[in-house]
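Worksheet: the structure to be examined is printed underneath.
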Number of protein chains: 2
Amino acid sequence: MLEEHTLFKKHITKRIDLEDSEFEQFLNFFSTKIVTKRQFITQPDFVPSHRSFVCTGAMRAYILDDSGNEHTIQFAIENWWITDYNAYIYQRPATMFVMAQENSTLLQISHEKELELKALNPKFETFFRIMAERSTAYMQRRVIERLTLSAEERYQHFLDKYSLMVNRFPQYTIASYIGVTTEFLSRMRKNRLLK
Amino acid sequence: MLEEHTLFKKHITKRIDLEDSEFEQFLNFFSTKIVTKRQFITQPDFVPSHRSFVCTGAMRAYILDDSGNEHTIQFAIENWWITDYNAYIYQRPATMFVMAQENSTLLQISHEKELELKALNPKFETFFRIMAERSTAYMQRRVIERLTLSAEERYQHFLDKYSLMVNRFPQYTIASYIGVTTEFLSRMRKNRLLK
DNA sequence: AAATAATATTGATCTACATCAATAATTTTT
DNA sequence: AAAAATTATTGATGTAGATCAATATTATTT
């Protein structure tokens with residue numbers, strides 16, 4: 001089995017218990033896609049046909065507001081999933097860009113195939129349920145952080161939780177993820193050094 | 001069948017296709033709970049044992065930050081589900097209060113029962129998957145709104161989308177949901193009148 | 001190794017929103 | 001119908017973080 005498939009298998013079987021043959025069946029619904037740095041896999045106004053699992057590399061989802069500012073919605077490195085979630089599940093035109101931040105290898109499943117897959121075996125349905133539940137929980141934590149923490153605290157949390165991301169994404173993308181300008185993040189970092 | 005069960009049935013069967021007998025089975029895992037205004041069904045430090053569906057009434061989930069300020073995480077009126085999501089799915093101590101904002105009737109399922117239920121019939125699993133997916137999508141929209149919209153715009157969106165909520169929850173709770181102080185929301189409302 | 005493009009820093013200034021304190025209005029309880 | 005409790009408004013003032021513009025640094029391409 002290919003190296004990236006081993007990691008994918010680990011990822012899946014950590015969440016649901018599968019026979020080897022079941023995993024093979026699961027895997028068969030996915031196709032490999034290679035993207036190069038700065039390449040987009042999703043763009044506004046196009047319905048995103050796939051959900052992507054990052055085998056190697058780094059991806060980022062962001063939106064552009066009316067003033068032309070980027071706001072990072074999600075980062076994804078190895079073993080993370082990424083897509084324009086709203087657009088994907090409702091099969092509506094995307095509002096996000098999903099871009100390769102590094103050359104990346106993805107495992108992709110189409111929306112149609114995903115429906116088939118879930119119908120095939122209740123365990124597969126369970127897998128997607130668990131993923132969705134955890135995503136909700138994660139998003140809710142993000143809402144809570146935004147409501148209750150200062151910019152500095154949000155940055156510290158980011159460093160604590162996503163230390164692996166910090167060095168792989170430009171600083172301005174992290175600023176846009178925690179909800180500050182790149183200038184302000186720069187100043188916060190300077191202040192920390194002075195202390 | 002009781003009136004509230006009819007609404008519950010509609011809610012479920014809108015998402016998955018069930019025989020009457022299957023719905024009866026589903027319903028059997030739930031118990032009815034009546035709560036009076038200002039009563040808490042979840043408090044910080046206690047593991048929330050249940051997920052609740054509001055048959056009648058109005059509930060609100062909020063957290064208290066270090067300065068003692070309330071931040072509303074979720075509103076729920078008829079046909080909405082509510083719980084401390086993170087705490088419930090991971091069965092950890094809650095960080096939220098979930099409080100009755102009006103006298104309410106709830107249909108509750110315990111975490112244990114929910115596990116049983118999902119194992120019983122793949123359709124039930126599908127139901128929870130769909131719910132979780134939509135919750136993720138909803139939460140993500142909220143993250144995006146917070147990143148891209150001004151306080152006024154967030155308030156307008158709230159009015160547009162949750163007009164039914166507006167008159168059933170105190171204004172300060174709406175302020176805390178969109179992420180402003182009650183004073184500032186009051187001022188925004190005044191400015192709108194002047195225009 | 002230059003040239004170019006992308007990213008990060010710094011300074012000056014501005015503003016959206018918070019804080020604090022008082023009062024007014026509304027709802028609930030007795 | 002008062003009294004008490006809860007919620008909403010208003011004014012004065014403060015500040016976290018934004019904006020704009022310039023420059024410095026780092027990474028990428030030729």
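Order of the sequence lines fixes the chain letters, A, B, ..., with proteins taken first and strands second; residue numbering starts at 1 for each chain.
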* To do: Hey, could you give me the CD/OG1 distance between Glu153(A) and Thr148(A), rounded to the nearest 0.5 Å?
  => 7.5 Å
* Asked: Picking from dG11(C), dC17(C), dG11(D), which would you name as closest to the side chain of Arg187(A)?
  -> dG11(C)
* Calculate the interatomic distance between Met99(B) atom CE and dT6(D) atom C1'; express it in whole Å. => 11 Å
* To do: Find the distance Asn191(A):CG to dT9(C):P and express it as a whole number of Å.
  => 12 Å
* Residues which pass side chain to side chain donor-acceptor pair (under 3.5 Å) with Ser31(A), listed by chain and number, not counting sequence neighbours -> none
* Structure fact -> Of dT9(D), dA18(D), dC17(C), the nucleotide closest to the side chain of Phe184(A) is dA18(D)
* Between atom CD1 in Ile174(B) and atom C1' in dA8(D), what is the gap in whole Å? -> 12 Å
* To do: Please report, rounded to the nearest Å, how far the P atom of dA16(C) is from the CG atom of Leu149(B).
  => 15 Å
* **Pair Tyr62(B) + Tyr177(B): ring centers closer than 6.0 Å** => no
* Do the side-chain N or O atoms of Ser186(A) get closer than 4.0 angstrom to the phosphate oxygens (OP1, OP2) of dA8(C)? -> no
* Structure fact -> Walking DNA chain D from its 5' end, the first of Glu183(B) and Arg38(B) to be reached, judged by nearest nucleotide, is Arg38(B)
* Ring centroid separation Phe53(A) to Phe30(A) under 6.0 Å -> no
* Would you say dA8(D) has OP1 or OP2 under 4.0 Å from some side-chain N or O of Lys190(B)? -> no
* Does Phe46(A) reach the side chain of Pro93(A), with side-chain heavy atoms less than 4.5 Å apart? -> no
* Does the side chain of Thr181(B) get closer than 4.0 angstrom to OP1 or OP2 of dC17(C) through an N or O atom? -> no
* Quick one, which residues of residues 161-173 of chain B touch DNA chain D with a heavy atom under 4.0 Å? -> Pro170(B), Gln171(B), Tyr172(B)
* Asked: Taking only N and O in the side chain of Arg154(A), is any of them less than 4.0 Å away from OP1 or OP2 of dG17(D)?
  -> yes
* May I ask you to decide if the ring planes of Phe97(B) and Phe40(B) are parallel, tilted or perpendicular, using 30° and 60° as cut-offs? => tilted
* Asked: How about Phe124(A) and Phe26(A): are their ring centroids closer than 6.0 Å?
  -> yes
* Tell me: CE of Met188(B) to P of dT10(D), nearest whole Å? -> 14 Å
* Interatomic distance, Asp65(B) CG vs dA18(C) P [rounded to whole Å] -> 12 Å
* Whole Å only: how far is the CZ atom of Arg189(B) from the C1' atom of dT7(D)? -> 12 Å
* Take the protein atom CG of Leu185(A) and the nucleotide atom C1' of dG17(D), then report the distance between them rounded to whole Å. => 12 Å
